Number of protein chains: 2
Amino acid sequence: MRNFIAMLSFTEENYLKALLHITIEVEHKNAAGTNELAGYLGVKPATATDMLRKLKEKQLISYEKYGKISLSDTGRKKAIEILRKHRLWETFLYEKLEFTWDEVHEVAEQLEHIQSQKLVDKLDKFLGFPEYDPHGDAIPTASGELKPSYKKTLSEAAEGTTCRMVAVKDNTVAFLKYVSQLELGINTHIDVLSRQPYDGSMEIAINGKNITISQKFAENILIV
Amino acid sequence: MRNFIAMLSFTEENYLKALLHITIEVEHKNAAGTNELAGYLGVKPATATDMLRKLKEKQLISYEKYGKISLSDTGRKKAIEILRKHRLWETFLYEKLEFTWDEVHEVAEQLEHIQSQKLVDKLDKFLGFPEYDPHGDAIPTASGELKPSYKKTLSEAAEGTTCRMVAVKDNTVAFLKYVSQLELGINTHIDVLSRQPYDGSMEIAINGKNITISQKFAENILIV
DNA sequence: TATAAATGTTAGATAAACCTAATTCAGGAT
DNA sequence: ATCCTGAATTAGGTTTATCTAACATTTATA
Ligand SMILES: [Mn+2]
Ligand SMILES: [Mn+2]
Ligand SMILES: [Mn+2]
Ligand SMILES: [Mn+2]
């Protein structure tokens, strides 16, 4: 696996994708902190500092000592490419290889780092240029456009309303398994029956069945 | 990408696959030398020595200082798994994504290292349990069986005979491009017209057209 | 068999990505 | 204005995979 012009390591790619996730995808803020980034990636802050210096050197982020971190234009473009590959592979696994919704992320985390422009283009075509991945997240286009998410969380839904699940915020296996167990999935219709003021737990109805969920759980279900 | 029990690094996997290639696939001998292995992998002999000590430690090869190297049963099993993934991915790229015959190897070299048993099984099924890859090489089965090759090289074919191309020995881009250029491919019928005793160059006919090829080239075309 | 050539190993460095422990800095609270 | 605290950085290590240069062993050849 020889090096192309300015080819990035798996690790560098993961840092860029993490920054995209923190700054754009989740919070709609545009800067991240060292500890926040390190926490997200499961490394120590000292490790992140080293990498931040390297990414700045390569002009992929803007960052000053003790300051906030944000992606440069090149860095963001690169991060969006990786996100595009991640979501295309998730779609492939789900649509073509009979993977379940909660299994795709782990494998896509590896596949997203395969280097071949032709592979991405052909995969996209093979899948029929999909717009959304199996979690309901928008797939960035070949030209690098990433639709903003208009999603809100189930914990924000008003009592007495009905909504439709479109994605999840948490991608851990534990969470996704619990989701399946409750027979929740993409496009499941949810009736919001009531919310407990004490701890934010909610009673909801899915497929005609009433269940109670915690606030923590509701905060990780995205709806339209 | 957390570590599974006894998970191997990309590098360790590449060493095992190289040993399989040298000892079984190409020469049908059962032992390799340090320089030979290092040469094949494009590293220095000193580097290979270090890795050999590690692979012995992990009981993946049998090897004594200054002695010959061969795969242990575990090592061979692991190497065959990687070769299986390599050839399944090549088949996928060729059959489903419209890659050409000479483009698949490079990308499969990356894809072969993806860790997911389910992915391999489902990919195999998706492709209809193929027996041969786009280069005509046998794909190891799920249970680890690898059909021996009965191929001989075009340079060994007798004058006046007709044969069929089934595979190539060389997988470099330069070689494969030249093959395409000559309009040679899997299953092309070749008439062996004559061989020059001086340098082993041969005159052959393909698709009714006469061409002359070098001995070096003929040694890398496999036929039945 | 003695020597030369080829093959293989060791020693000592480097770069990437990580760690722990110690230190520095910036912003909020007295 | 000073202090405290949490955030961030630095210093000093480790591990993996690589290298070069020097050394050791085996094999081939004269
Ligand atoms: Mn995902
Ligand atoms: Mn990743
Ligand atoms: Mn190949
Ligand atoms: Mn490989």
Side-chain angles (χ1 to χ4, degrees), chain A residues 1-4 6-19 22-23 27 29-70 75 78 82 109-110 112-113 115, chain B residues 1-4 6-19 22-23 27 29-58 60-70 78 82 109-110 112-113 115:
Chain A
M1 192 170 2
R2 53 217 135 315
N3 261 45
F4 295 64
M7 210 181 81
L8 303 176
S9 68
F10 281 31
T11 308
E12 290 169 321
E13 291 196 346
N14 283 337
Y15 274 82
L16 293 182
K17 196 173 63 128
L19 282 170
I22 291 171
T23 59
E27 298 292 347
K29 57 189 179 183
N30 59 10
T34 302
N35 285 358
E36 185 180 19
L37 177 61
Y40 182 84
L41 287 166
V43 299
K44 299 291 154 171
T47 305
T49 301
D50 283 347
M51 181 58 81
L52 289 172
R53 207 178 298 108
K54 193 180 5 162
L55 293 175
K56 189 205 161 110
E57 192 68 31
K58 295 193 178 187
Q59 308 196 14
L60 294 163
I61 61 174
S62 90
Y63 157 74
E64 296 303 331
K65 233 205 267 190
Y66 291 105
K68 287 293 170 191
I69 311 147
S70 59
K78 191 70 206 166
I82 302 158
E109 205 56 47
Q110 299 177 58
E112 71 189 1
H113 302 289
Q115 303 290 332
Chain B
M1 192 172 3
R2 53 217 138 311
N3 261 45
F4 295 65
M7 212 181 80
L8 303 176
S9 68
F10 280 31
T11 308
E12 290 169 321
E13 290 196 346
N14 282 337
Y15 274 83
L16 293 182
K17 195 173 63 128
L19 282 170
I22 292 171
T23 59
E27 298 293 346
K29 57 189 179 184
N30 59 9
T34 303
N35 285 359
E36 187 182 18
L37 177 62
Y40 182 83
L41 287 165
V43 299
K44 299 291 155 172
T47 307
T49 301
D50 284 347
M51 182 56 82
L52 289 173
R53 205 177 299 108
K54 191 177 13 161
L55 293 175
K56 189 206 162 113
E57 192 68 31
K58 295 193 177 187
L60 294 163
I61 60 174
S62 87
Y63 157 74
E64 297 303 330
K65 231 205 266 191
Y66 291 107
K68 287 294 170 189
I69 310 147
S70 60
K78 192 70 206 167
I82 302 158
E109 205 57 46
Q110 299 177 59
E112 71 189 1
H113 301 289
Q115 302 290 332

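Heavy atoms only: backbone and side chains are in, while hydrogens, waters and symmetry mates are out. Fair warning: this is a prediction, and the values are worked out from it, not measured in the lab. Proteins get letters first, then strands, A, B, ... in listed order; numbering begins at 1 in each.
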Atom NZ of A:K44 with >12 non-hydrogen neighbours under 6.0 angstrom: no
side-chain N/O B:Y63 vs C:dT9 OP1/OP2, d < 4.0 Å: yes
Between C1' of C:dA15 and CD of A:E12, the distance in whole Å: 12 Å
Options D:dT26, D:dA8, C:dT20, nucleotide nearest the side-chain atoms of B:Y66: D:dT26
Phosphate-side-chain proximity, A:T47 and C:dC19, N/O vs OP1/OP2 below 4.0 Å: yes
Whole-Å gap separating C1' (D:dT10) and CG (A:D50): 9 Å
Under-4.0 Å side-chain N/O to phosphate OP1/OP2 contact, A:T49 with D:dT9: yes
Spacing between B:E57 atom CD and D:dT16 atom P, to the nearest angstrom: 11 Å
Spacing of B:N14 atom CG relative to D:dT16 atom P, expressed in whole Å: 17 Å
Nearest-Å distance for atom pair NZ/C1', residues B:K54 and D:dT18: 12 Å
Phosphate OP1/OP2 of D:dT9: any A:R53 side-chain N/O under 4.0 Å: no
Rounded interatomic separation in angstrom, taking NZ from B:K44 and P from D:dA22: 15 Å
Gap between atoms NZ and C1', on B:K65 and D:dA24 respectively (whole Å): 9 Å
Closest contact, heavy atoms only, A:S70 versus A:A31: CB-CA, 4.5 Å
Phosphate contact (C:dA16 OP1 or OP2) by A:Y15 side-chain N/O below 4.0 Å: no
Among B:I69, B:I61, B:L41, the one residue meeting side chain to side chain contact (heavy atoms under 4.5 Å, CB included) with B:Y15: B:L41
Plane angle bin for A:F10 and B:F10 - parallel if under 30°, tilted between 30 and 60°, otherwise perpendicular: perpendicular
B:T34 vs C:dT7: side-chain N/O to OP1/OP2 distance below 4.0 Å: no
Sugar-phosphate only, base, or nothing, as touched by A:A48 at under 4.0 Å among non-hydrogen atoms: nothing
Nucleotide nearest B:V43 (side chain, heavy atoms from C-beta), chosen from C:dT10, D:dT10, D:dT18: D:dT18
Side-chain N,O (A:S9) to OP1/OP2 (C:dA17) below 4.0 Å: yes
NZ/NE/NH1/NH2 to OD/OE distance under 4.0 Å, A:E36 and A:K68: no
Distance in angstrom units between A:E36 CD and D:dG6 P, rounded: 17 Å
